[in-house]
Amino acid sequence: MANDSMDQGQQPEQLKTEDWAGGQGLKWLANLSLFEEMIAPIGDALLARADYHAGETVIDLGCGGGATTLAIAEAVAPTGKVIGVDISPDLIGAARERAEKSGASHIGFTCADASTVQLPDGPYDRLFSRFGSMFFEGPVSAFSNLRGLIREGGRIDMAIWGPPRDNLWMMEMMGVLRNHVEVPPAVPRAPGPFAFEDLEYFAEVMDGSGFRDVDVAAYEGLQPVGGVGATPDKAVAFAFSAMAFGRVLDEAGDAVAAAASKELHDVFARHHVPGEGVMMTGKAWLVSAIA
């Protein structure tokens with residue numbers, strides 16, 4: 001059972017700030033298995049790079065539905081512990097339920113803004129984040145707070161998206177979107193999925209918040225858009241229901257949404273591999289640094 005004593009109660013063009021504590025968190029929850037399948041290969045690569053050992057204490061930043069938190073808990077068992085942090089109360093609720101059902105021990109969850117969160121039983125040994133670190137309004141302040149939660153010499157391991165141009169799944173969707181609605185220009189370094197595409201900027205943030213010895217490895221592979229085995233129809237439904245892409249088109253009206261849906265279906269059909277899904281290239285940076 002989860003240890004209750006440990007529980008504490010966008011796109012490159014930056015269309016809108018994502019409401020992870022509200023609507024966007026609910027969308028992620030409603031499509032949880034599909035999101036997790038899409039980014040699981042990157043998460044697996046990051047976990048292998050982090051190479052956790054029994055007895056370590058770990059914070060899982062932006063833990064979502066708790067899949068990575070559970071994987072870390074297994075790696076640090078039986079004497080270590082892990083606490084997942086996410087700003088979405090809905091996702092934290094799902095993560096707690098998943099942990100209870102799994103029978104995992106030495107695991108807990110906190111619903112909080114990671115930029116200001118304070119955790120008991122610190123300092124922790126390690127910090128992990130699979131795409132949960134790019135949305136801070138003040139990244140230096142946020143990472144300075146996180147730096148204070150791990151011990152001197154502790155390590156952080158994070159996956160952050162590489163440049164949009166190297167992520168075909170995003171570029172193709174944005175191309176379709178721009179064909180049907182006006183999309184504001186990109187704001188470099190603004191909070192969002194690609195906030196840290198520029199590694200020089202990321203290094204500046206790490207240095208400014210007290211981290212050192214930044215190390216970067218590139219991950220490149222195919223992303224199953226809409227989940228493993230998804231048909232083009234299912235991938236389109238995923239894009240409309242789970243991503244800001246769909247929200248913007250819904251606001252544009254039924255006729256525009258229908259035209260964009262057909263065009264996106266044609267794009268996904270070109271990348272469909274029977275039995276595997278809509279497979280499109282993605283690139284992420286796997287980064288580590290020392291506190």
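It should be emphasised that the depicted structure is a prediction, and the values quoted were computed from it without experimental measurement. We count residues from 1, following the sequence as given.
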Checking L264 against F245 for the side-chain contact (heavy atoms from CB on, under 4.5 Å) test, could you report, in this order, the C-alpha distance in whole Å, the side-chain angles of both residues, the deciding distance, and whether it holds? CA-CA 11 Å; L264 186 61; F245 174 94; 3.6 Å; yes
Evaluate F238 against M38 for side-chain contact (heavy atoms from CB on, under 4.5 Å), listing each step before the verdict. CA-CA 11 Å; F238 171 79; M38 182 173 171; 4.2 Å; yes
Working for side chain to side chain donor-acceptor pair (under 3.5 Å), residues S115 and D113: CA-CA 5 Å; S115 65; D113 183 341; 2.7 Å; yes
Where do I107 and I72 land on the side-chain contact (heavy atoms from CB on, under 4.5 Å) test, with the steps shown first? CA-CA 9 Å; I107 186 170; I72 296 168; over 6 Å; no
I'd like to know whether L146 forms a side-chain contact (heavy atoms from CB on, under 4.5 Å) with L61, so could you lay out the CA-CA distance, the side-chain angles of the two residues, the decisive distance to 0.1 Å, and finally the verdict. CA-CA 9 Å; L146 294 169; L61 170 66; 3.7 Å; yes
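When the salt bridge (charged side-chain N to carboxylate O under 4.0 Å, His left out) test is applied to E97, the partners found at least two apart in sequence or on another chain are K101. Residues passing the salt bridge (charged side-chain N to carboxylate O under 4.0 Å, His left out) test with E200, sequence neighbours excluded: none. In this view, W169 and N167 satisfy the side chain to side chain donor-acceptor pair (under 3.5 Å) rule, not counting sequence neighbours. Not counting sequence neighbours, the partners of F136 by the ring-ring contact (aromatic ring centres under 6.0 Å, His included) test are F143. Contacts of D254 classified as side chain to side chain donor-acceptor pair (under 3.5 Å), with partners at least two apart in sequence or in another chain: none. The salt bridge (charged side-chain N to carboxylate O under 4.0 Å, His left out) check on D198 picks up R189, with sequence neighbours excluded.
Side-chain atoms of R178 do not come within 3.5 Å of backbone N or O of V183 as any donor-acceptor pair. Distance alone, capped at 3.5 Å, is enough to place a donor-acceptor pair between the S102 side chain and the A104 backbone. In terms of modelled atom types and a separation under 3.5 Å, the side chain of N145 and the main chain of V117 share a donor-acceptor contact.
At least one side-chain heavy atom of L32 sits less than 4.5 Å from a side-chain heavy atom of R98. At a threshold of 4.5 Å between non-hydrogen side-chain atoms, the residues V278 and Q223 do not count as touching. Using a 4.5 Å heavy-atom threshold, the side chains of L127 and L149 count as separate. Put simply, the side chain of I156 reaches to within 4.5 Å of the side chain of M206, judged on heavy atoms. Contact annotation: the side chain of E152 approaches that of R147 to within less than 4.5 Å [non-hydrogen atoms, C-beta and beyond].
The same ILVMFWY cluster, assembled from side-chain heavy atoms under 4.5 Å apart, contains both F128 and V214. Note: the hydrophobic cluster containing V76 also contains Y124 (ILVMFWY, side chain heavy atoms under 4.5 Å, direct or indirect links). One hydrophobic cluster, built from ILVMFWY side chains closer than 4.5 Å, cannot hold both F268 and L222; they sit in different ones.
Applying the 4.5 Å side-chain rule to ILVMFWY residues, one finds that I290 remains a lone member of its cluster.
Residue pairs meeting the ring-ring contact (aromatic ring centres under 6.0 Å, His included) criterion with at least one partner in residues 70-93, sequence neighbours excluded, are absent. Within the structure, side-chain hydrogen bond (donor to acceptor under 3.5 Å, both in side chains) pairs that include any residue of residues 56-77 comprise E56-R126, T57-D125, D60-T68, D60-T69 (at least two apart or interchain). Counting only residues at least two apart or in different chains, ring-ring contact (aromatic ring centres under 6.0 Å, His included) contacts with residues 198-220 comprise F196-Y201, F196-F202. Residue pairs meeting the side-chain hydrogen bond (donor to acceptor under 3.5 Å, both in side chains) criterion with at least one partner in residues 255-267, sequence neighbours excluded, are N179-E263, H180-E263, D233-H265. The list of side-chain hydrogen bond (donor to acceptor under 3.5 Å, both in side chains) pairs with a residue in residues 276-290, not counting sequence neighbours, reads R49-S288.
The pair K234-E37 does not meet the salt-bridge criterion, since no charged nitrogen lies less than 4.0 angstrom from a carboxylate oxygen.
The CG atom of D44 lies 10.5 Å from the CD1 atom of I39; values are rounded to the nearest 0.5 Å. Rounding to the nearest 0.5 Å gives a distance of 7.0 Å between CZ of R165 and CD of E197. Atom CG of D250 and atom CZ of F240 lie 7.0 Å apart (nearest 0.5 Å). Note that CZ of R130 is 9.0 Å distant from CD1 of I42, once rounded to the nearest 0.5 Å. The distance from atom CD1 of I59 to atom CG of L119, rounded to the nearest 0.5 Å, is 5.0 Å.
L249 and A260 get closest at one heavy-atom pair: CD1-CB, 3.6 Å. Listed here is the closest heavy atom pair of A71 and L47: CB-CD1, 3.8 Å. Across S133 and I160, no two heavy atoms sit closer than the pair OG-CG2, 3.6 Å. When every heavy atom of A195 is checked against every heavy atom of A190, the shortest pair comes out as CB-O, 3.2 Å. Between I92 and G84 the shortest heavy-atom distance is CD1-O, 4.2 Å. Between V181 and A252, the shortest heavy-atom distance links the atoms CG1-CB, 3.7 Å.
Residue M279 forms a side-chain contact (heavy atoms from CB on, under 4.5 Å) with just one option from V273, L168, V228, and that option is V273.
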